K.L.:
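Sending over a structure as structure tokens; questions will come in a sec.
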Protein chains: 2
Amino acid sequence: MSQNPILKSLIAEQLVSDPGSARGRLLTEAARLFRDKGYERTTVRDLAAAVGIQSGSLFHHFRTKEEILKAVMVETIRLNTALMQAAADQAESPRGKLKALVRAELESINGQTGEAMAVLVYEWRSLSEGSRAEVLELRDIYEGLWLSVLEELSGKGQLKAEPFIVRRMLTGALSWTVTWYKPERGGLTLDGLTEQVMAMMGL
Amino acid sequence: MSQNPILKSLIAEQLVSDPGSARGRLLTEAARLFRDKGYERTTVRDLAAAVGIQSGSLFHHFRTKEEILKAVMVETIRLNTALMQAAADQAESPRGKLKALVRAELESINGQTGEAMAVLVYEWRSLSEGSRAEVLELRDIYEGLWLSVLEELSGKGQLKAEPFIVRRMLTGALSWTVTWYKPERGGLTLDGLTEQVMAMMGL
DNA sequence: GACAATACCAAGCAAGCGCTTGGTTTGTAA
DNA sequence: TTACAAACCAAGCGCTTGCTTGGTATTGTC
């Protein structure tokens with residue numbers, strides 16, 4: 001269970017819960033349950049059982065069930081914004097930056113944070129109006145990262161469609177991979193998938 | 001409220017309910033409610049109220065609430081398979097067929113059947129195991145339509161990535177449009193969006 | 001070792017859920 | 001007009017839900 005340095009610094013800043021802490025463990029399990037069964041079909045009793053406590057004890061850590069959903073989303077975006085930023089920073093060319101972003105997002109979606117990323121996509125409606133605004137603000141930062149790279153590419157004439165459209169297509173296409181992509185020995189790797197995505201865009 | 005001939009023949013074959021009938025009206029309202037609030041948060045009382053009857057009376061038309069969800073999905077796939085088939089048949093070249101499919105699917109997703117299409121994507125988990133198998137069978141036919149066109153294109157060297165990957169990327173990208181695409185005067189039209197999608201793939 | 005503060009449990013409440021029941025209205029056809 | 005089925009209503013049952021309450025361990029601090 002090695003933790004990467006980006007996660008570590010976010011934990012230190014208290015922006016993300018330590019997966020080893022009680023709160024962190026609950027959020028991890030919640031993401032898994034929300035993804036598998038859906039938010040509404042996941043009961044507070046399910047959540048409590050997943051971390052080995054009584055259902056009432058949950059409300060010592062979170063005021064409501066919805067607050068758990070919001071925490072899953074907020075922490076996921078925070079972590080992934082940092083991961084994307086780091087990935088993009090390591091590349092030189094605009095094309096390299098885009099490829100790094102695609103690769104990093106595929107990893108987020110299909111790797112360890114996959115459950116939480118799926119929750120972000122599929123459980124949006126389950127959030128109350130107020131929480132949505134809060135999460136949206138964070139999401140705007142995340143999207144800004146993508147757009148700046150895409151606009152740079154577009155400025156150099158390397159994009160075949162408008163940046164904001166390309167981003168939205170990519171959002172759908174990449175998040176959908178969670179429903180079908182399964183890494184197998186000798187099969188399609190995440191790198192291979194990244195290549196296919198880039199190739200599809202003629203890049 | 002003009003009905004297109006494809007819909008009419010499906011109604012005649014009893015494969016799809018007439019939107020004017022009691023059953024059809026319920027399915028239309030159900031799709032809207034399931035999409036807006038989610039299946040689990042939509043109560044049988046909501047559904048009944050939407051068509052102006054008592055909640056108990058629903059069970060005269062459907063045995064369970066889930067049967068309503070299944071019916072929405074089954075009829076939606078049936079209708080859209082027929083629509084896609086017709087769209088593809090009207091085009092000559094493989095590229096023309098693909099464009100017709102993209103355009104037709106965008107119309108399904110963002111037009112009248114949009115609610116039901118969204119339900120198909122977002123409420124998959126809400127289906128029981130048994131119902132899923134049934135819906136999957138229909139979905140395979142639908143997907144086969146796409147794949148045959150994409151493989152034809154690939155055979156001619158016009159596709160930059162593998163057909164099944166392209167289809168899966170398109171599935172995600174196109175269905176995601178429902179979350180952001182809003183037709184406006186002077187803005188992006190469905191034809192314009194179709195062009196952007198084709199351009200993105202270098203076609 | 002005293003003492004808060006934190007984390008938890010056992011029990012259960014009020015509300016809302018899908019669905020059933022027994023009976024009434026409405027439409028249709030002879 | 002009669003007969004009968006299909007469509008509906010009014011009432012409510014049994015169960016599950018999110019959350020609360022009052023009390024008990026556990027933990028960290030000086």
Side-chain angles (χ1 to χ4, degrees), chain A residues 11 14 17-73 119 123-132, chain B residues 11 14 17-73 119 123-132:
Chain A
I11 294 171
Q14 307 227 41
S17 316
D18 186 335
S21 72
R23 182 187 158 99
R25 277 209 330 281
L26 174 63
L27 291 182
T28 305
E29 291 298 321
R32 190 179 54 80
L33 285 166
F34 290 163
R35 190 216 134 137
D36 288 350
K37 322 206 313 177
Y39 172 76
E40 212 64 47
R41 269 180 301 277
T42 302
T43 69
V44 293
R45 287 164 180 82
D46 292 334
L47 292 167
V51 290
I53 59 175
Q54 293 299 106
S55 67
S57 308
L58 269 188
F59 297 89
H60 180 74
H61 300 279
F62 296 89
R63 287 212 311 276
T64 62
K65 182 187 169 191
E66 197 220 342
E67 206 170 77
I68 299 176
L69 176 63
K70 191 173 92 181
V72 167
M73 293 187 169
V119 169
E123 298 297 347
W124 185 248
R125 287 171 309 183
S126 306
L127 271 187
S128 69
E129 204 93 6
S131 303
R132 274 185 220 184
Chain B
I11 293 171
Q14 306 227 44
S17 314
D18 186 336
S21 72
R23 182 187 157 99
R25 278 209 330 281
L26 174 63
L27 291 182
T28 305
E29 291 298 321
R32 191 180 54 78
L33 284 165
F34 290 164
R35 190 214 136 140
D36 289 349
K37 321 205 312 177
Y39 171 77
E40 214 62 50
R41 268 181 302 278
T42 302
T43 68
V44 293
R45 288 162 181 84
D46 290 335
L47 291 167
V51 291
I53 60 175
Q54 292 299 106
S55 67
S57 307
L58 268 189
F59 296 89
H60 180 73
H61 300 279
F62 297 89
R63 286 212 312 275
T64 63
K65 182 186 169 191
E66 197 219 343
E67 206 170 77
I68 299 176
L69 176 63
K70 191 174 91 180
V72 167
M73 293 188 169
V119 169
E123 299 297 346
W124 185 247
R125 285 172 309 184
S126 306
L127 272 187
S128 69
E129 205 94 5
S131 304
R132 272 185 223 184

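A, B, ... follow the sequence lines: proteins, then strands. Residue 1 opens every chain. Owing to the predicted nature of the structure, the values given are computational and were not obtained by experimental measurement.
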K.L.:
Whole-Å distance between D:dA11 C1' and B:Gln54 CD?
P.N.:
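About 10 Å, once rounded to whole Å.
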K.L.:
Tabulated below should be each protein N or O lying under 3.5 Å from an N or O of nucleotides 19-21 of chain C; please produce it.
P.N.:
from: C:dC19; atom 1: OP2; to: B:Lys65; atom 2: N; distance (Å): 2.7
from: C:dC19; atom 1: N4; to: B:Ser55; atom 2: OG; distance (Å): 3.4

K.L.:
Taking ring pair (Phe, Tyr, Trp, His ring centres under 6.0 Å) as the cut-off, I'd like each qualifying pair that reaches into residues 30-61 of chain B, sequence neighbours left out, listed once.
P.N.:
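Listed once each, the pairs are B:Phe34-B:Tyr39.
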K.L.:
Going through the checks in order, is the side-chain contact (heavy atoms from CB on, under 4.5 Å) test met by B:Val44 and B:Ile68?
P.N.:
CA-CA 10 Å; B:Val44 293; B:Ile68 299 176; 6.0 Å; no
K.L.:
Ignoring hydrogens and angles, write down the donor-acceptor pairs under 3.5 Å from the side chains of residues 46-55 of chain B, residues two or more places apart or on other chains.
P.N.:
from: B:Asp46; atom 1: OD2; to: B:Lys37; atom 2: NZ; distance (Å): 2.9
from: B:Asp46; atom 1: OD2; to: B:Thr43; atom 2: N; distance (Å): 3.0
from: B:Asp46; atom 1: OD2; to: B:Thr43; atom 2: OG1; distance (Å): 3.3

K.L.:
Go through the structure and list residues passing salt bridge (charged side-chain N to carboxylate O under 4.0 Å, His left out) with A:Arg41, not counting sequence neighbours.
P.N.:
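So A:Arg41 forms a salt bridge (charged side-chain N to carboxylate O under 4.0 Å, His left out) with B:Glu40.
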K.L.:
Rounded to the nearest angstrom, tell me the gap between atom CZ in A:Arg25 and atom C1' in C:dC8.
P.N.:
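A:Arg25 atom CZ is separated from C:dC8 atom C1' by 13 Å.
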K.L.:
Expressed in angstrom and rounded to an integer, what is the separation of B:His61 atom NE2 from C:dG18 atom P?
P.N.:
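Answer to the nearest Å: 17 Å.
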K.L.:
Do any side-chain nitrogens or oxygens of A:His60 fall under 4.0 Å of OP1 or OP2 in D:dT20?
P.N.:
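A:His60 to D:dT20 OP1/OP2: no side-chain N or O under 4.0 Å.
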K.L.:
Can you list, by residue number, the residues of residues 46-53 of chain A that have a non-hydrogen atom closer than 4.0 angstrom to DNA chain C?
P.N.:
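Output list: A:Gly52, A:Ile53.
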K.L.:
Can you tell me the distance, in whole Å, between the CZ atom of A:Arg23 and the C1' atom of C:dC8?
P.N.:
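Value for this atom pair: 18 Å.
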K.L.:
Whole-Å distance between D:dG18 C1' and B:Arg41 CZ?
P.N.:
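Whole-Å distance recorded here is 14 Å.
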K.L.:
Rounding to an integer number of Å, can you tell me how far A:Glu40 CD sits from C:dG18 C1'?
P.N.:
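In whole Å, C:dG18 C1' lies 15 Å from A:Glu40 CD.
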K.L.:
How close do B:Arg23 and B:Ser17 get, heavy atom to heavy atom, and via which atoms?
P.N.:
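Scanning both residues completely, I find the closest heavy atoms to be NE-OG, 2.9 Å.
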K.L.:
Name all residues meeting the side chain to side chain donor-acceptor pair (under 3.5 Å) criterion together with B:Glu67; count only those two or more places apart in sequence or in a different chain, and write none if there are none.
P.N.:
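Listed in chain order: nothing, the list is empty.
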K.L.:
Could you tell me how far apart A:Glu67 (CD) and D:dG18 (C1') are, to the nearest whole angstrom?
P.N.:
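Atom CD in A:Glu67 sits about 14 Å away from atom C1' in D:dG18.
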K.L.:
Can you name the side chain to side chain donor-acceptor pair (under 3.5 Å) partners of B:Thr28, sequence neighbours left out?
P.N.:
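Once residues adjacent in sequence are excluded, B:Thr28 has no partner under the side chain to side chain donor-acceptor pair (under 3.5 Å) criterion.
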K.L.:
To check you understand the geometry: which heavy-atom pair defines the closest contact between B:Gly20 and B:Arg25, and what is its length?
P.N.:
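B:Gly20 and B:Arg25 have their closest heavy atoms at O-NH1, 3.7 Å.
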K.L.:
Grab the CG-C1' distance between A:Leu33 and D:dT17 for me, whole Å please.
P.N.:
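Spelled out: CG on A:Leu33 to C1' on D:dT17 is 16 Å.
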K.L.:
Listed by chain and number, what are the side chain to side chain donor-acceptor pair (under 3.5 Å) partners of B:Lys65, not counting sequence neighbours?
P.N.:
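Side chain to side chain donor-acceptor pair (under 3.5 Å) check on B:Lys65 returns nothing, list empty.
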K.L.:
Considering residues at least two apart in sequence or located in another chain, which fulfil the side chain to side chain donor-acceptor pair (under 3.5 Å) criterion with A:Arg32?
P.N.:
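Partners of A:Arg32 by the side chain to side chain donor-acceptor pair (under 3.5 Å) criterion, ordered by chain and then number, come out as A:Glu29.
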K.L.:
With sequence neighbours excluded, what pairs up with B:Arg125 under the salt bridge (charged side-chain N to carboxylate O under 4.0 Å, His left out) test?
P.N.:
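Scan of B:Arg125 (salt bridge (charged side-chain N to carboxylate O under 4.0 Å, His left out), adjacent residues dropped) gives A:Glu123.
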K.L.:
Starting from the first five and the last five pairs of the helix from C:dG1-D:dC30 to C:dA30-D:dT1, work out the angle between the resulting helix axes, to 10 degrees.
P.N.:
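So the angle between the two local helix axes works out to 20°.
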